[in-house]
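Working notes, structure below.
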Protein chains: 2
Amino acid sequence: MHGNHQHAHCIEEAITTANRICDERGLRFTDLRRRVLELIWENHGSAKAYDLLENLGGDYSAKPPTVYRTLDFLQENGLVHKINSLNAYVGCSHPLKHKDCFFLICSACNEVEECCGSSVAEALRSMASEQNFRPDHTTLEIEGRCVDCLKASQ
Amino acid sequence: MHGNHQHAHCIEEAITTANRICDERGLRFTDLRRRVLELIWENHGSAKAYDLLENLGGDYSAKPPTVYRTLDFLQENGLVHKINSLNAYVGCSHPLKHKDCFFLICSACNEVEECCGSSVAEALRSMASEQNFRPDHTTLEIEGRCVDCLKASQ
DNA sequence: TCTATAATGTTATATTATTACATAACCGCA
DNA sequence: TGCGGTTATGTAATAATATAACATTATAGA
Ligand SMILES: [Zn+2]
Ligand SMILES: [Zn+2]
Ligand SMILES: [Zn+2]
Ligand SMILES: [Zn+2]
């Protein structure tokens, strides 16, 4: 992300995928929803609801419920995740193969990386089963420094 | 917790430990701080800041900064944790041996159990090192049903 | 076209948290 | 004991985040 990547691709792919998902599920990927998703994807950081609100200029004289409803829709359909420790929202990096995700949040560059599955999920599963706890939803957000920022600070 | 436990013990122990910790560290465990910690420990659920505020009746004509400052102090000293997914606060169940904790939150009875260490922490550590990410702080909050509520619903 | 439903607009308000500055309590020391 | 710096608390205002309730508009089918 830090590096030289063509971020327009990321946005475009996110929008295309969202469009396809909505089509498949008989949902409407409206202008507003597309626009909000684009704004969230403007970079690989997280977006705050009221910043989205501000940036929905032009045709959209948006007010809070507009944005929060749109965020709800996007979250319900796995296109966006809320980062509770930041009160902010990120685009889902792989809305199709979705399972046991967690987030690495760099406090230096503010990028958020969504990670999946693997041994962490397994450890969580077995911990829960030992405790006889039935998990419905897991919030796992790890704040620290990403590899690029660590390198840069050396 | 659900069961027949003498909850007064929990409160008392939490206060005693907090007192000791503050003593050892040259910190002042004031009336206000003690009172807020007691309120947080009134049960094994989580407490909202504005509920604490309301319940600080009597001598305390508390206003938001009073409570938030007190919560900050308690958090900084490991006596209380914030549950980000609930915007609420829980008493730390083991402020002395603190390391890699996470929370099991029952959506039926609202109790929050603080768990520690073990294989989950190990999995997180090795994941982070694979990703070359240096974690500073981890938010791990698992919402679901506790064993007692599962039994009760059968 | 008509109608039911889904989406968005609008106003108001609830909830959560912080800033900035004033006052009071406490502690070490003359 | 009284002084002076530091820490803690009080107070007023406001910022930041989120929802409730109801009105209007757009859409998809019959
Ligand atoms: Zn995702
Ligand atoms: Zn970074
Ligand atoms: Zn703890
Ligand atoms: Zn329970």
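In what follows, chains carry the letters A, B, and so on, assigned in the order in which the sequence lines appear, proteins first and then strands, with residues in each chain numbered from 1.
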Parallel under 30°, tilted from 30 to 60°, perpendicular over 60°: which one fits the rings of A:His7 and A:His44? perpendicular

Give a yes/no answer on whether the side chain of A:Thr66 brings an N or O atom under 4.0 Å of OP1 or OP2 in C:dT10. no

Ignoring backbone atoms, test whether B:Arg33 places a side-chain nitrogen or oxygen under 4.0 Å from the OP1 or OP2 oxygen of D:dA8. yes

Within a reach of under 6.0 Å around CD of B:Glu122, are more than 12 heavy atoms found that belong to other residues, nucleotides or ligands? yes

Between C:dT18, C:dG9, D:dT19, spot the one nearest the side chain of A:Pro65, thanks. D:dT19

Euclidean distance, atom CZ of residue A:Arg34 to atom C1' of C:dA7 [Å, nearest integer]: 15 Å

Short side-chain N/O contact from B:Lys82 to OP1 or OP2 of C:dA17, under 4.0 Å: yes

Roughly, in whole Å, what's the span from CD1 in A:Ile83 to C1' in D:dT17? 16 Å

So A:Tyr68 and A:Tyr89, would you call those rings parallel, tilted or perpendicular, with 30° and 60° as cut-offs? perpendicular

Using the side-chain heavy atoms of B:Leu32, tell me which of these nucleotides is nearest: C:dT10, D:dA18, D:dT9. D:dT9

Could you state the atom-to-atom distance from CG of A:Asp23 to P of D:dA28 in whole Å? 11 Å

Compare side-chain N and O positions of A:Thr30 against OP1 and OP2 of D:dA26 and report whether any pair is under 4.0 Å apart. no

Checking all strands, does A:Arg28 fall into the base, sugar-phosphate, or nothing category for heavy-atom contacts under 4.0 angstrom? sugar-phosphate

For A:Ile11 versus A:Glu42, what's the shortest heavy-atom pair and its separation? CD1-CA, 4.3 Å

Would you kindly give the CG-to-C1' distance between B:Asn77 and D:dT7, to the nearest whole Å? 14 Å

A:Leu86 CG to D:dA18 P: how many Å, rounded? 11 Å

Between A:Asp31 and A:Arg34, is there a side-chain N and carboxylate O pair less than 4.0 Å apart? yes

Looking at B:Lys63, I'd like to know whether one of its side-chain N or O atoms comes within less than 4.0 Å of OP1 or OP2 on D:dT11. yes

Donor/acceptor link under 3.5 angstrom from A:Tyr50 side chain onto base of D:dA18: yes

What is the distance from CG of B:Leu56 to C1' of D:dA8, rounded to the nearest Å? 15 Å

Write down the distance between CG (B:Leu71) and P (C:dA17), rounded to a whole number of angstrom. 9 Å

By the 4.0 Å heavy-atom rule, please label B:Phe29 as base, sugar-phosphate, or nothing. nothing

Tell me: CZ of B:Arg69 to C1' of C:dA17, nearest whole Å? 13 Å

Under 4.0 Å between a side-chain N/O of A:Asn87 and OP1 or OP2 of D:dA18, yes or no? yes

Counting only side-chain N and O atoms of B:Lys48, is one of them less than 4.0 Å from OP1 or OP2 of C:dT15? no

Does A:Tyr68 make a side-chain donor-acceptor contact with the base of D:dA20, cut-off 3.5 Å? no

Side-chain donor/acceptor of A:Asn77 to backbone N/O of A:Phe73, under 3.5 Å: yes

